[in-house]
Amino acid sequence: MSKDGNEAVQGGMNRRKLIGGLGAAAAAVPVGGALLMNRSQQASAQGDLSEAANAIISERQLTPDDVTAALETFMPAGTMDEFLMFSSSGHAGQVFVIGVPSMRVYRTIAVYTPEPWQGYGFSDETKAVLAGGNINGKSITHGDTHHVALSETDGVYDGQFAFINEKTHGRMAVIDLKDFNTKQIVKNPLLVSEHGGAFVTPNTEYILEADQYPTPLGWEYAPLSEYKEKYRGLVVLWKFDREAGRIVPEQSFGIETPPYAHDLADAGKGASAGWAFWNSFNTEMATGGVMDGNPPLEIGASQRDMDYLHVINYQRAAEVVAEGKAEQMNGFNVIRMDVAVAEGLMYLVPEPKSPHGVDITPNGEFMVISGKLDPHVTIFSFAKIQAAIAAGATEFDDYGVPILDFQSCLETQIELGLGPLHTQFDDKGFAYTSLFLDSAVARWSVGGADNPDGWQLIEKVPVHYNVGHIAVAGGDTAQPDGKFLVALNKWSVDRFPPVGPLLPQNLQLLDIREGKTMRPLTDMPMGMGEPHYAQIIRTDKIDAWFAYPQDGDKVGWDAIAGDFHPHGVQAGQEKVERDGTTVTVTGTVWRSRITPDILEVNEGDTVVWHITNIEMAKDTTHGFVLGGQDISLSLEPGETETVTFVADTPGVYPYYCTEFCSALHIEMAGYFLVKPAE
Ligand code: RUQ
Ligand code: CUA
């Protein structure tokens, strides 16, 4: 649509054309008859929509672009989105699952944060998951989630697992997409903070992570005056066991680096499989100290024109660990810097200063670096990097790490605009880069052997406002799906009704289909957290359970252990047992009864209560809350969970089901009585 003063006139003309087209192609929905017709009958029924549609269009003053955007994003009742977006939530500590193109939120997955609707962090089973992320024995109930990584097979999302990093404390989590539950949180024993994760290798053998702000490795103390000598960076490869569905810390390893702050990463694929790439900033090794008259960190860290891309041969690094050349630090395998250099595992390539994202092209041949303070994307060739490694470096940093020649590794640079951050790819040979300062998304063509005329800026479209990451369907895999792009905008400013000073983020959906100019379709306010990165997978790749497994009469699944719960029982097998001052309850829930429905204990007793939802029908979840004990469970079909607490305060406490599960849901309740001690 033209953006000049004729827009209204043109809009009016196109509007009439559009309505004519709608009337001919689409169907009438006769009032009254609609309920009796199926979708295809409705679609083939003759009629004319134009009058009704025209009335709405003129009343709401919609442009043709508005109307087509609405038609492209509207999901008729009962139909499914083609894609699902898995998005981080920033410091809300969760993952959001959002439909594309409808931009409807379908699930929150609690990861680092207790979440009562899911009962996450309230049962013994899920408390144990959260405890995996304890810091020096202290329980932490928030996390700063940044980058979701869906598991991959041959470089393509396989729909089995998702991983998400946690920046504040250097943690990593595993979500199983069979039930969309968090199964494991691991704490990196050497990192205090991190950022360059989670990114998976092409077959999810490893999950990448790296420090953000260097510290002495392993939680040691050293004054900032000893930064260069004692502080270090660390890049980490967490080993993932797909069969077990767990990260295996003992088989994971880190590689010590100079104390450069690491930013985002990507794993090589195709041509560059077996290698991993991390950006860095603050190669100046500035430490701030404004109150002592030193330059602030952001100034000190931006003195030099170049920082370093870290090029890591992780396949060889795994062999080096197997050869026994790693050291144990806090029980974690670490390849020390001198070993990494001697074994040819680590190289530095100068890159324009303070870069943010590094993104590998779908064929794995090129590394795209966005320079934050540089208006270009810088593109390195993996083949040229390999040639430079083979030729041998002539320069080394203060720590003896070889520095490859910038020009020898460079494929090209493309000027895109201000504040380039992150790049994604589509299935047509285009790349998309977010421009934070320009509040725009740039589309450019990827060059190389297949497209010698490539490496060109094609177009830019404004987004609102201050775009961080962008996500294209399959956009960081070996086989992108294209079609849609979501701009994860940090600011929404004037886009939504006022809801107080804390405004939602704005997730903006763009149409990037072939032959079309990139076109914003819809705005989605995100008022539950700050999504950083997101990945978009085809919905048909997700094969989630509707109920936990049942085996004949055997029921009661432990969702965390991934097996039948030792205390799962069928109806009629419920029991209450006392052993000294411990009362063990083995109970059930089903529509519309909680068994036992009366439980009396003595003041000071410890209560261990196992509850099994014996129902298997879709959507028959029951909740369980008991006042005064901070208990809120979500018992999904076929699941068993446990709560353990001390009945420390005499009184009478009703317990009840929190999911409106049946007509007699409110009757689904019982009494917990605590008899006072003599
Ligand atoms: S960050 S807005 Cu991925 Cu943590 Cu770039
Ligand atoms: Cu079960 Cu309400």
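Counting starts at 1 for both ligands and their atoms, in listed order. None of these values were measured; they are calculated from a predicted model.
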Legend entry - Every N, O or S from the protein that is nearer than 2.8 Å to atom 1 (Cu) of ligand 2: H622 ND1, C657 SG, C661 SG, M668 SD
Legend entry - Ring-ring centroid check Y432 F425, cutoff 6.0 Å: no
Inset, instruction - Decide yes or no on side-chain hydrogen bond (donor to acceptor under 3.5 Å, both in side chains) for D597 and Y671, but give the supporting numbers first. - result: CA-CA 6 Å; D597 56 354; Y671 279 111; over 6 Å; no
How long is the gap from [atom1] on [X] to [atom2] on [Y], to the nearest 0.5 Å?
X: H567; Y: H610; atom1: NE2; atom2: NE2; result: 3.5 Å
X: H147; Y: F163; atom1: NE2; atom2: CZ; result: 16.0 Å
X: N506; Y: D494; atom1: CG; atom2: CG; result: 9.5 Å

Inset, instruction - Using heavy atoms and a cut-off under 4.0 Å, could you grab the residues that are in contact with ligand 1, chain by chain, numbers ascending? - result: H146, H147, H195, L264, H356, H422, G468, H469, K490, H532
Inset, instruction - Taking the six-membered ring of F430 (Phe, Tyr or Trp), confirm whether the NZ or CZ of R443 is under 6.0 Å from its centre and within 45° of its axis. - result: yes
Legend entry - Qualifying residues under salt bridge (Lys or Arg N to Asp or Glu O under 4.0 Å), relative to E209, sequence neighbours excluded: none
Legend entry - Contacts of K372 that satisfy salt bridge (Lys or Arg N to Asp or Glu O under 4.0 Å) - sequence neighbours left out: none
Inset, instruction - Mind telling me whether Y314 and Y206 have parallel, tilted or perpendicular rings, with 30° and 60° as the class edges? - result: perpendicular
